[in-house]
Amino acid sequence: QVQLVELGGGLVQAGGSLNLSCDVSGINISTLATGWHRRAPGKEREFVAALSWTGGSTYYADSVRTRFATSRDKAKNMIFLQMHSLKPEDTAVYYCAADSASVIQLPDYWGKGTLVAVSS
């Protein structure tokens with residue numbers, strides 16, 4: 001059974017930072033593309049960030065580029081999202097994801113999400 005569990009969500013003031021982590025079990029992320037999506041209140045799911053399976057390329061939505069960064073620790077089988085200069089519009093449930101090809105469109109594996117709420 002593949003399971004992804006996001007941790008680190010919470011309330012943060014606008015302009016602040018927050019780091020999310022994702023514990024992965026049941027599958028090795030070493031050969032998978034990894035990343036994050038989010039769903040804001042009243043909106044559709046949105047791609048946020050991705051890291052290629054080789055770890056050599058990153059992709060970001062225009063709305064978060066220069067503010068967010070995704071990474072992973074293959075030894076610990078964990079995925080990370082560093083968020084800086086947070087804005088109220090970043091408020092959403094964040095989901096970590098993994099896929100054999102790309103997480104940008106329809107990832108094979110998803111977590112249940114963690115809520116990030118940005119005040120002001």
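What you see is a predicted model; the values in this text were computed from it and never measured.
- Val48 and Val64 make their closest contact through O-CG2, 3.5 Å (heavy atoms, listed as atom of the first residue, atom of the second, distance).
- Within the 4.5 Å cutoff, the side chain of Val116 has heavy atoms near those of the Leu20 side chain.
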inquiry  = Applying salt bridge (Lys or Arg N to Asp or Glu O under 4.0 Å) to Asp90 and Lys87, what does each step give before you reach the verdict?
reply    = CA-CA 5 Å; Asp90 292 320; Lys87 305 174 181 179; over 6 Å; no
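- Side-chain atoms of Tyr60 come within 3.5 Å of backbone N or O of Thr70 as a donor-acceptor pair.
- Annotation for Ala97 and Pro107: closest pair CB-CB, 3.6 Å, computed over non-hydrogen atoms.
- The same ILVMFWY cluster, assembled from side-chain heavy atoms under 4.5 Å apart, contains both Trp36 and Ile27.
- The CG atom of Asp62 lies 10.0 Å from the CZ atom of Phe47; values are rounded to the nearest 0.5 Å.
- Remark: Leu32 CG to Ser52 OG distance equals 11.5 Å, nearest 0.5 Å.
- Distance alone, capped at 3.5 Å, is enough to place a donor-acceptor pair between the Glu6 side chain and the Lys112 backbone.
- The side-chain heavy atoms of Glu44 and Arg39, taken from C-beta on, include a pair separated by under 4.5 Å.
- Ring pair His37/Tyr95: centre-to-centre distance not below 6.0 Å.
- Within 6.0 Å of atom CH2 in Trp110, more than 12 heavy atoms from other residues, nucleotides or ligands are found, so the atom counts as buried in its surroundings.
- Remark: Cys96 SG to Arg72 CZ distance equals 12.5 Å, nearest 0.5 Å.
- Smallest separation of non-hydrogen atoms from Asn77 and Val24: ND2-O, 3.0 Å.
- Summarising the geometry, atom OG1 belonging to Thr91 is positioned 10.0 Å from atom NZ belonging to Lys43; distances are rounded to the nearest 0.5 Å.
- When side chains are defined from C-beta on, Phe80 counts as touching Asp73, because their heavy atoms get closer than 4.5 Å.
- For the residue pair Ser85 / Arg67, no side-chain donor-acceptor distance below 3.5 Å is found, with atom types taken as modelled.
- Judged by distance alone, the side chain of Gln3 and the main-chain N or O of Ser25 form no donor-acceptor pair under 3.5 Å.
- Tyr59 and Ile79 end up in different hydrophobic clusters when Ile, Leu, Val, Met, Phe, Trp and Tyr side chains are linked at under 4.5 Å.
- Rounding to the nearest 0.5 Å places OG1 of Thr34 at 4.5 Å from CG of Leu51.
- Side-chain heavy atoms closer than 4.5 Å link hydrophobic residues (I, L, V, M, F, W, Y) into clusters, and following such links, even through other members, never connects Val93 to Leu86.
- Using a 4.5 Å cut-off between side-chain heavy atoms of Ile, Leu, Val, Met, Phe, Trp and Tyr, with links allowed through other members, Leu4 and Tyr94 fall into the same hydrophobic cluster.
- Between Cys22 and Leu7, the closest side-chain pair of non-hydrogen atoms is not below 4.5 Å.
- Taking CG of Asp99 as the reference point, atom CG of Asp108 lies at 4.0 Å (rounded to 0.5 Å).
- Hydrophobic clustering (ILVMFWY, side-chain heavy atoms < 4.5 Å, transitive): Tyr109 and Val103 are in distinct clusters.
- The main-chain N or O of Gly9 is found under 3.5 Å from a side-chain atom of Thr114 such that the two form a donor-acceptor pair.
- What you find for Ile104 and Arg45 is that their closest heavy atoms are O-NH1, 4.4 Å.
- For Ser119 against Pro88, the heavy-atom pair with the smallest separation is O-CG, 4.4 Å.
- Here the closest non-hydrogen pair linking His84 and Ser17 is ND1-OG, 3.0 Å.
- Contact annotation: the side chain of Leu81 never approaches that of Asn19 to less than 4.5 Å [non-hydrogen atoms, C-beta and beyond].
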task = For the pair Arg38 and Ser63, evaluate side-chain contact (heavy atoms from CB on, under 4.5 Å) and give the outcome as yes or no after the intermediate values.
result = CA-CA 12 Å; Arg38 68 185 182 185; Ser63 60; 3.5 Å; yes
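- Around atom NZ of Lys74, more than 12 heavy atoms belonging to other residues, nucleotides or ligands sit under 6.0 Å away.
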